[in-house]
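If you read the sequence from its start, that first residue is 1, and numbering goes on from there.
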Amino acid sequence: MPAADVVHGRPGEILRASSVSRSFEGIRALQDVSLELRRHEVVGLIGPNGAGKTTAFNVITRLYTPDEGDVRFGGETLLDTPPSGVVQRGIARTFQNVELFRGMTVLDNVRVGAHARAGEPRPEDILFYVSLHTVRYRSPLELPYATQKRVELARALASGPQLLLLDEPAGGLSHEEVEQLGTFLKRLRDDFELTILLVEHHMALVMSIADRVHVLDFGKKIAEGTPREIQANPSVIEAYLGTPKSSVIQSYLRPER
């Protein structure tokens, strides 16, 4: 079920953030951060707590306007797009803390996403895809947290995005559920022809599914590379644990077997 639109920009590129900075009351949440996303990739955005990951998401989705820099989607700036117009451009997201319309049924929540871009996959089809069709008439409040996260994902998919931003999708999941999520996200990328940008603290998940990884620390990008390159990067290891490279630290960043 591919997205209907074709993004035009540099060959293979869907989004580019260039020298983005954002401050809050004098505190630099992002400082001169640049990143590129290519079509049909899964890209990890990682870093310790307070590194600026969610701020980066909020800049891309126009909840925040950068103090400096630009964000271009399909070769065109996003900075003249209001937050309400981002989904029409082909960008959808989920949140670290589940944000659902709790007075609506599961089906109606997903219909909200479908309403944003006419002609995209039908809500009922999306519910079957994410195995939520049996609870479509129930309130999200009645469902387990992990299921609520799937509702939020279904709502995002119903808008027919080309770029999907996932903010800690493994939060609150069991080890087995995290493994299932990794398999599902790779299938999702292929079936919907998506680019996925993933903020996640669960390193096993990120390192097992990401094509490339960007690393933030104190608002600055300190590394970019393949999962293998990131696992061996001394700056990344020090940012996470504040100690020199060791076999213990390597196992912390390495995907679980």
Side-chain angles (χ1 to χ4, degrees), residues 1 3 24 29 45 49-50 53-65 78 81-185 187-189 191-192 194 196-202 205:
M1 287 182 279
F24 298 94
L45 182 61
N49 288 330
K53 305 181 296 296
T54 296
T55 299
F57 264 33
N58 289 340
V59 167
I60 291 171
T61 55
R62 296 295 293 118
L63 295 179
Y64 298 155
T65 297
L78 280 172
T81 301
S84 60
V86 168
V87 69
Q88 281 82 17
R89 294 283 299 269
I91 301 174
R93 72 172 292 180
T94 64
F95 292 83
Q96 182 177 348
N97 298 312
V98 176
E99 299 284 349
L100 295 171
F101 298 103
R102 296 176 179 264
M104 296 181 178
T105 64
V106 168
L107 176 58
D108 285 341
N109 266 275
V110 178
R111 281 173 172 159
V112 170
H115 178 72
R117 287 180 23 119
E120 300 304 338
R122 295 172 63 241
E124 292 83 359
D125 294 337
I126 296 293
L127 288 172
F128 271 94
Y129 185 88
V130 300
S131 301
L132 287 172
H133 53 284
T134 59
V135 297
R136 59 186 178 274
Y137 298 123
R138 294 177 61 182
S139 165
L141 286 175
E142 302 172 359
L143 304 174
Y145 183 71
T147 307
Q148 291 182 33
K149 292 179 81 73
R150 272 193 289 147
V151 176
E152 191 176 44
L153 175 59
R155 184 179 63 192
L157 289 174
S159 71
Q162 299 166 70
L163 173 60
L164 179 62
L165 281 63
L166 302 178
D167 197 346
E168 298 196 26
L173 302 186
S174 68
H175 177 76
E176 181 179 357
E177 288 171 332
V178 170
E179 289 186 344
Q180 293 171 351
L181 176 64
T183 300
F184 175 73
L185 290 180
R187 178 163 62 91
L188 186 70
R189 182 265 314 272
D191 289 348
F192 286 80
L194 290 172
I196 296 176
L197 180 60
L198 173 72
V199 162
E200 184 55 64
H201 285 291
H202 200 294
L205 175 62

Q | For the student: nearest non-hydrogen atoms of Tyr145 and Val98, plus distance | A | CE1-CG2, 3.6 Å

Q: Report the distance from atom CG of Leu185 to atom CG of Leu166, rounding to the nearest 0.5 Å.
A: 6.0 Å

Q) Relative to Phe101, does Arg111 satisfy both conditions: NZ or CZ under 6.0 angstrom from the six-membered ring centre, and within 45 degrees of the ring's axis? A) no

Q: Please name the pair of heavy atoms, one in Arg62 and one in Pro82, separated by the smallest distance, quoted to 0.1 Å.
A: CB-C, 4.4 Å

**Q.** Any residue meeting side-chain hydrogen bond (donor to acceptor under 3.5 Å, both in side chains) with Asn49, in chain and number order, not counting sequence neighbours
**A.** His201

(Q) Going by side chain to side chain contact (heavy atoms under 4.5 Å, CB included), name the residues that satisfy it together with Ser174, two or more places apart in sequence or in a different chain. (A) Glu176, Glu177

Q: Under the salt bridge (Lys or Arg N to Asp or Glu O under 4.0 Å) rule, collect the residues that match up with Glu99, sequence neighbours excluded.
A: none

Q) Can you list every salt bridge (Lys or Arg N to Asp or Glu O under 4.0 Å) pair that touches residues 143-165, not counting sequence neighbours? A) Glu152-Arg155

**Q.** Thr134 side, atom OG1; Leu132 side, atom CG - distance, nearest 0.5 Å
**A.** 7.5 Å

Q. Would a 4.5 Å heavy-atom cut-off, applied to side chains only, mark Pro169 and Leu153 as touching?
A. no

Q: List for me each residue that meets side-chain hydrogen bond (donor to acceptor under 3.5 Å, both in side chains) alongside Thr183, sequence neighbours excluded, and say none if there are none.
A: none

Q: Could I get the full list of ring pair (Phe, Tyr, Trp, His ring centres under 6.0 Å) partners for Phe95, not counting sequence neighbours?
A: none

**Q.** Nearest heavy-atom neighbours spanning Pro161 and Leu194
**A.** O-CD2, 3.0 Å

Q: With rounding to the nearest 0.5 Å, note down the distance linking CG in Leu181 to CG in Leu188.
A: 9.5 Å

Q.
For a quick test of reading the model, state the closest non-hydrogen atom pair linking Ala92 to Ala156 and the distance between them.
A. CB-O, 3.7 Å

Q: Can you sort out the partners of Arg189 under salt bridge (Lys or Arg N to Asp or Glu O under 4.0 Å), two or more places apart, ordered by chain and number?
A: Asp211

Q. What pairs meet the salt bridge (Lys or Arg N to Asp or Glu O under 4.0 Å) rule with one or both residues in residues 156-170, with sequence neighbours excluded?
A. Arg93-Asp167

Q. How long is the span from the CZ atom in Phe184 to the CG atom in Asp191, to the nearest 0.5 Å?
A. 8.5 Å

Q | Residues forming a salt bridge (Lys or Arg N to Asp or Glu O under 4.0 Å) with Arg136, sequence neighbours excluded | A | none

**Q.** Any residue meeting ring pair (Phe, Tyr, Trp, His ring centres under 6.0 Å) with Phe24, in chain and number order, not counting sequence neighbours
**A.** Tyr64

Q | salt bridge (Lys or Arg N to Asp or Glu O under 4.0 Å) involving Glu142 - partner list, sequence neighbours excluded | A | Arg138

Q) Could you give the distance from CG (Leu165) to CG (Leu197), rounded to the nearest 0.5 Å? A) 4.5 Å

Q) Is any side-chain heavy atom of Glu124 less than 4.5 Å from a side-chain heavy atom of Leu107? A) yes

Q. Hey, what do you get for CG (Leu157) to CD1 (Ile126), rounding to the nearest 0.5 Å?
A. 5.0 Å

Q: For residues Gln96 and Thr54, report the shortest heavy-atom separation together with the two atoms involved.
A: OE1-OG1, 3.8 Å

